[in-house]
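All remarks here apply to the structure that follows.
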Amino acid sequence: MKIYADNAATTKMSERVINAMLPYMREVYGNPSSPYEIGQKARKALEDARKRAAAVLNCEAKEIYFTSGGSEADNQAIISAARLGAKKGKKHIISTAFEHHAVLHTLKKLEKEGFEIELLDVHKNGVVSAEQVENAIREDTALVTIMYANNEIGTVQPIREIGEVCRKKQVLFHTDAVQAIGHVKVDVAKDNIDMLSLSAHKFHGPKGVGILYAKKGILLTNIIEGGAQERGKRAGTENLAGIEGMVTALEDATKDIDGYANRLIPLRDRLIAGLEEIPYSELNGDRKNRVPGTVNFCFEGIEGESLILLLDDKGISASSGSACTSGSLEPSHVLLAIGRPPEVAHGSLRLSISEEIKEEEIDYIINSVKEVVEYLRNMSPSWRDLVNGKRKHVFMH
Ligand SMILES: *Cc1c(COP(=O)(O)O)cnc(C)c1O
């Protein structure tokens, strides 16, 4: 059996998406900035794509900036807000400890420039409250940046309420919605969002293309300098085929969120229930307040890396955390942020399923994880110490 259960790392493009891209490679290959017919056809397609993206997010077309992906959108949103704040003497930025590295590393860079970064606690359940944000906002707060859904554990934040607090206090609010779009309803107007980042390859679109939504009136700072593309805010010839694929994928992924949730949640919960049968294991993050497809567990006495390799042998593609940190021996910053001790954070498994998955495949995953965890524990010195009582268990059972 071959099961792809790492949709939070990236997704498979649908045939519809691939077909939507082909004409822009084969026929309409002109540069959207060129004045002749094939260029102008490309220009029209680009502006239509912008309108379609705006319709999905509930904003104006001129508030959509096409980028090279989620990382670039996060960088540009945060740097822009920091520059705007600094002009008014505001150098305090609020975020959380479990953001994506595209956010955290940008904040680190700003900290070195003299910004004060405050990372809010996300508690054991992996959720920050609007009240925490309200209490943290100061006179000199330039930006609040909080992710919509977490990429490792899948928990969803109360974005609408946080947005409301930011509006009330007149502080810019950015959200990394890369793991939320297509999984929960996202509406920049209703959710009181000033800036939002998206990445196509997380919702069955192509890699290397994304969106930064920035509410009109927000002056963006360029990350890429050059030509006057994207209203002068993002230079570089537009990736039109990628943009066409992304917008098609965006429409497909958002057209029936309720149906998607109704189909996927029972399968996700079956997976959770099955994995909970493994002794000394625990689900990471809130049980209900999570995207429909993502499940993350910690197992005592094993290394996540070995677990992933053995699952691969059984045909299952999964992750031990975010793809960006795997390969390094650092425990996941997300799991540490929700209070998992390092020795337990090392034994984590993220399964992120898509609608393609079948019930038999869920059962196959459960049985495979059970087998592999038992196998690894039998060879693990740290598990032996737990069994012998030399070390104390972290989990109750
Ligand atoms: C994948 C991801 C990103 C980065 O997006 P890219 O398009 O790969 O640069 C940013 N934030 C979150 C939450 C992600 O999951």
Side-chain angles (χ1 to χ4, degrees), residues 3-14 69-71 73-74 96 98-104 122 126-127 146-157 175-184 186 197-210 246 249-250 252-254 257 260-261 263-265 267-269 271-272 275 283-287 289-298 304-305 307-308 311-312 316-328 331-335 337-338 340 345 348-357 361-362 365 369:
I3 304 173
Y4 184 73
D6 203 13
N7 286 276
T10 196
T11 56
K12 178 175 147 184
M13 284 204 276
S14 69
S71 300
D74 282 342
T96 74
F98 78 164
E99 297 296 311
H100 190 271
H101 283 137
V103 169
L104 287 179
V122 293
V127 183
I146 293 178
M147 70 199 319
Y148 212 126
N150 183 270
N151 48 305
E152 287 189 41
I153 59 175
T155 53
V156 178
Q157 309 306 311
T175 184
D176 175 336
V178 171
Q179 295 284 345
I181 199 86
H183 304 284
V184 295
V186 175
S197 310
L198 294 184
S199 171
H201 76 98
K202 302 291 176 68
F203 52 83
H204 304 281
K207 292 166 185 61
V209 57
M246 169 167 65
L250 183 63
D252 285 353
T254 52
I257 293 288
Y260 166 81
R263 287 186 292 274
L264 209 53
I265 287 174
L267 292 167
R268 176 198 75 191
D269 289 347
L271 184 58
I272 293 176
L275 295 179
L283 176 70
N284 290 313
D286 197 83
R287 187 170 297 269
N289 192 2
R290 61 172 57 248
V291 291
T294 300
V295 167
N296 190 312
F297 265 79
C298 279
E305 296 299 317
L307 180 58
I308 299 315
L311 287 176
D312 187 25
I316 300 168
S317 307
S319 160
S320 62
S322 66
C324 330
T325 39
S326 60
S328 77
S332 144
H333 71 286
V334 172
L335 298 178
I338 62 166
R340 295 300 190 202
S348 65
L349 170 67
R350 178 185 71 188
L351 294 158
S352 42
I353 55 177
S354 78
E355 274 202 278
E356 276 188 8
I357 203 152
E361 293 175 324
I362 296 282
I365 295 176
V369 176

Specify the closest pair of heavy atoms between Arg340 and Leu283, including all atoms of both residues, with the distance to one decimal.
-> NH2-O, 3.0 Å

Is it true that a side-chain atom of Asn296 and a backbone atom of Asn284 form a donor plus acceptor pair closer than 3.5 Å?
-> no

Is any side-chain heavy atom of Ile181 closer than 4.5 Å to a side-chain heavy atom of Val178?
-> no

Whether Ser197 side chain and Ala177 backbone form a donor-acceptor pair below 3.5 Å | no

Closest heavy-atom contact between Val122 and Ala337?
-> CG2-O, 3.8 Å

Side chain to side chain contact (heavy atoms under 4.5 Å, CB included) with Tyr148: which of Val291, Leu198, Val184?
-> Val184

If every non-hydrogen atom of Ala318 is compared with every non-hydrogen atom of Leu349, which pair is closest and at what distance?
-> CB-CD1, 3.8 Å

Is the centre of the Tyr260 ring less than 6.0 Å from the centre of the His183 ring?
-> yes

Is a side-chain donor or acceptor of Thr11 paired with a backbone partner of Asn7 at a separation under 3.5 angstrom?
-> no

Nearest 0.5 Å please: distance from the CG atom of Leu351 over to the CG atom of Asp6.
-> 8.5 Å

Ile265 and Pro292 have their tightest heavy-atom pair at CG1-CB, 3.8 Å

Go through the side-chain N and O atoms of Ser14 and His204 and say whether any donor and acceptor fall under 3.5 Å apart.
-> no

Should the heavy atoms of other residues, nucleotides or ligands under 6.0 Å from CD of Glu355 be counted, would the total exceed 12?
-> yes

Which distance, rounded to the nearest 0.5 Å, do you find between the CD of Gln157 and the CG of Asp286?
-> 10.0 Å

Can you tell me how far NE2 of His101 sits from CG of Asp74, rounded to the nearest 0.5 angstrom?
-> 12.5 Å

Could you tell me whether the side chain of Leu307 reaches within less than 4.5 Å of the side chain of Leu311, counting heavy atoms only?
-> yes

So, the side chain of Asn150 versus the backbone of Phe98: is there a donor-acceptor pair under 3.5 Å, distance only?
-> yes

Look only at the side chain of Arg290 and the backbone of Ile153, and say whether a donor-acceptor pair between them is shorter than 3.5 Å.
-> yes

Short question: side chain of Gln179, backbone of Ala8 - any donor-acceptor pair under 3.5 Å?
-> yes

Nearest 0.5 Å please: distance from the CZ atom of Arg268 over to the CZ atom of Arg287.
-> 9.5 Å

From Ile365 atom CD1 to Ile3 atom CD1, the distance as rounded to the nearest 0.5 Å = 4.5 Å

Minimal non-hydrogen separation, Ala345 against Cys298, with atom names = CA-SG, 4.3 Å

So, Asn289 side chain and Val156 main chain: donor-acceptor pair closer than 3.5 Å or not?
-> yes

Has the side chain of Arg350 got a donor or acceptor atom that lies under 3.5 Å from a matching backbone atom of Asn151?
-> yes

Rounded distance (nearest 0.5 Å) linking atom NE2 of His333 with atom NE2 of His100 | 8.0 Å

Side chain of Glu99, backbone of Met147: donor and acceptor closer than 3.5 Å?
-> yes

Has the side chain of Thr294 got a donor or acceptor atom that lies under 3.5 Å from a matching backbone atom of Ser352?
-> no

